[in-house]
Amino acid sequence: MKKTMFLLALLFLMGTGTTFAQEKKFSLYGIGFYNLENLFDTCHDEGHNDYQFLPDGQYKWTGLKYSNKLKNMARVLAELGTDKLPGIGCAIIGVSEVENAKCMEDLCNQEPLKKRGYKFVHVEGPDYRGVDCAMIYNPRLFSVENVTLMPYTYILPEDSMRHTRGFLTVSGKLAGEHVAVIVNHLPSRGAGSFYREEGGRQIRLVKDSLLRVDPDFKVIIMGDMNDDPQDKSMAVSLGAQRKMKDVEKGGLWNPWWDTLANGTGTLMYDGKWNLFDQIILSQSLLDQNKKKDYRTLKYFAHQIFRRDYLFQKEGKYKGNTLRTHAGGVWLNGYSDHLPTVVYVVKEVK
């Protein structure tokens with residue numbers, strides 16, 4: 001697989017008109033994120049408000065619906081990253097809105113993911129609905145060394161009894177380098193901007209703690225931020241810059257500002273695109289001097305993953321994402337979000 005990946009990456013790089021010497025080889029890696037929109041099993045988890053997703057609940061969530069949901073999610077996850085890495089896909093994929101480890105196990109046992117050998121990381125969190133973040137990875141490309149669920153801490157006295165999704169932090173080796181992935185699902189827009197701003201600040205603290213251990217750590221922050229790149233939680237609290245040249249040592253770059261400005265997003269509300277599903281990179285992953293020095297992992301490209309089957313084809317919401325449910329009707333769809341991918345590249349010695 002490695003040799004194939006190197007060749008594919010080399011051909012792609014040469015095809016872009018770059019000035020790489022032909023004898024050089026490069027390894028390309030895909031890193032993705034996808035909000036799975038309520039991947040629940042059919043059983044009640046004690047202490048969580050998952051009653052809507054039970055056979056006698058609001059959504060009449062039966063084994064048939066669950067198995068179809070798994071199949072649909074696996075299709076997307078297996079195709080993620082294949083635009084540039086056909087037959088290989090992503091090395092790492094962060095996901096949100098999964099109920100538990102059993103759902104992740106069932107998901108990774110779906111044939112498109114199983115044949116690629118994907119494994120998963122999941123830590124049960126305190127969210128009242130029971131939804132968590134998790135991470136899927138290809139163990140032939142990424143090796144896990146440490147897993148921590150950092151809690152989202154409510155700081156106002158009136159919120160002392162509230163609990164929500166934490167920050168799943170997974171560190172390991174990708175292409176022989178220290179890489180840390182922080183998977184997030186910040187509070188919804190119904191909670192108000194303050195809570196997402198506080199989330200951005202706390203993610204920044206997690207990032208800073210990693211860089212204190214190793215200043216060369218390649219840190220990748222991803223998730224459903226429930227905010228756009230220019231919103232205060234991302235631009236100020238987290239400090240993710242729009243322009244690569246403006247990123248200082250230890251800082252962050254958010255490649256999705258211009259994507260949204262050009263009219264493309266990952267979820268639609270009231271006929272307008274938002275781009276909540278972001279993958280943000282630490283300064284150590286950036287080729288800021290444009291020297292194409294890929295001796296260490298560097299950012300190469302990013303994209304919103306789009307397929308015709310992910311969109312509604314007719315009716316009032318034509319052109320919107322094809323969800324699992326809408327208006328109380330089971331659509332057997334995918335998610336209200338589109339996935340995102342970032343590609344990183346490294347020269348092979």
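Only a predicted model underlies this, so the values are computations on that prediction, with no experimental measurement involved.
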Does one side chain, of Asp224 or Ser96, offer a donor that lies under 3.5 Å from an acceptor on the other?
no
Between the side chains of Asp127 and Arg129, is the shortest nitrogen-to-carboxylate-oxygen separation below 4.0 Å, so that they form an ion pair?
no
Assess the side chains of Glu198 and Tyr154: does a donor N or O sit below 3.5 Å from an acceptor N or O?
no
Charged N-O contact under 4.0 Å between Asp106 and Lys102:
yes
Side chain to side chain donor-acceptor pair (under 3.5 Å): which pairs involve residues 56-65, sequence neighbours left out?
Gln52-Gln58
Is it the case that His302 and Thr259 place a side-chain donor and acceptor less than 3.5 Å from each other?
yes
Walk me through it: do Leu39 and Leu107 pass the test side-chain contact (heavy atoms from CB on, under 4.5 Å)?
CA-CA 9 Å; Leu39 179 58; Leu107 180 62; 4.2 Å; yes
Just wondering, do His48 and Asn100 contact through their side chains at under 4.5 Å, heavy atoms?
no
Can you list the residues that meet the side-chain hydrogen bond (donor to acceptor under 3.5 Å, both in side chains) rule with Thr296, with sequence neighbours excluded?
Lys298
Which residues share a side-chain hydrogen bond (donor to acceptor under 3.5 Å, both in side chains) with Arg212, sequence neighbours left out
none
Atom CZ of Phe194 with >12 non-hydrogen neighbours under 6.0 angstrom:
yes
Starting at OH of Tyr118, measure out to CG of Leu141 and round the result to the nearest 0.5 Å.
8.0 Å
Option among Arg75, Arg323, Arg307 that satisfies the side chain to side chain donor-acceptor pair (under 3.5 Å) test with Tyr334
Arg75
Applying ring pair (Phe, Tyr, Trp, His ring centres under 6.0 Å) as the test, list every pair that has at least one member in residues 71-105; sequence neighbours left out.
none
Which ring pair (Phe, Tyr, Trp, His ring centres under 6.0 Å) pairs, counting each pair once, include a residue from residues 200-249, with sequence neighbours left out?
His178-Phe217
Contact list for residues 232-251, test ring pair (Phe, Tyr, Trp, His ring centres under 6.0 Å), sequence neighbours left out:
none
Could you list the residues that satisfy side-chain hydrogen bond (donor to acceptor under 3.5 Å, both in side chains) with Ser193, not counting sequence neighbours?
Glu197
With Tyr34 via ring-ring contact (aromatic ring centres under 6.0 Å, His included) - residues at least two apart:
none
May I have the list of side-chain donor-acceptor pairs in residues 309-320 shorter than 3.5 Å, sequence neighbours left out?
from   : atom 1 : to     : atom 2 : distance (Å)
Tyr309 : OH     : Glu79  : OE1    : 3.2
Lys313 : NZ     : Asp308 : O      : 2.5
Lys313 : NZ     : Phe311 : O      : 3.2

Does any non-hydrogen side-chain atom of Leu210 lie less than 4.5 Å from one of Thr169?
yes
If the condition is side-chain hydrogen bond (donor to acceptor under 3.5 Å, both in side chains), which residues does Asn109 pass it with, not counting sequence neighbours?
none
Hey, are Gln283 and Gln288 close enough side-chain-wise for a donor-acceptor pair under 3.5 Å?
yes
Side chains of residues 267-275: which donor-acceptor pairs under 3.5 Å do they make with residues two or more places apart or in other chains?
from   : atom 1 : to     : atom 2 : distance (Å)
Asn274 : ND2    : Asp228 : OD2    : 2.9

Examine distances only and state if a side-chain atom of Lys218 and a backbone atom of Glu177 form a donor-acceptor pair shorter than 3.5 Å.
no
Hydrophobic clusters here meaning ILVMFWY residues chained together by side-chain heavy-atom distances under 4.5 Å, can you tell me if Phe53 and Leu64 are in one?
no
What orientation do Tyr51 and His44 show, parallel under 30°, tilted 30 to 60°, or perpendicular over 60°?
parallel
ring-ring contact (aromatic ring centres under 6.0 Å, His included) against His163, all qualifying residues, sequence neighbours excluded:
none
Taking atom CD of Glu158 as the centre, does the number of heavy atoms from other residues, nucleotides or ligands within less than 6.0 Å exceed 12?
yes
Residues Asp231 and Arg189 bridged, charged N to O under 4.0 Å
yes
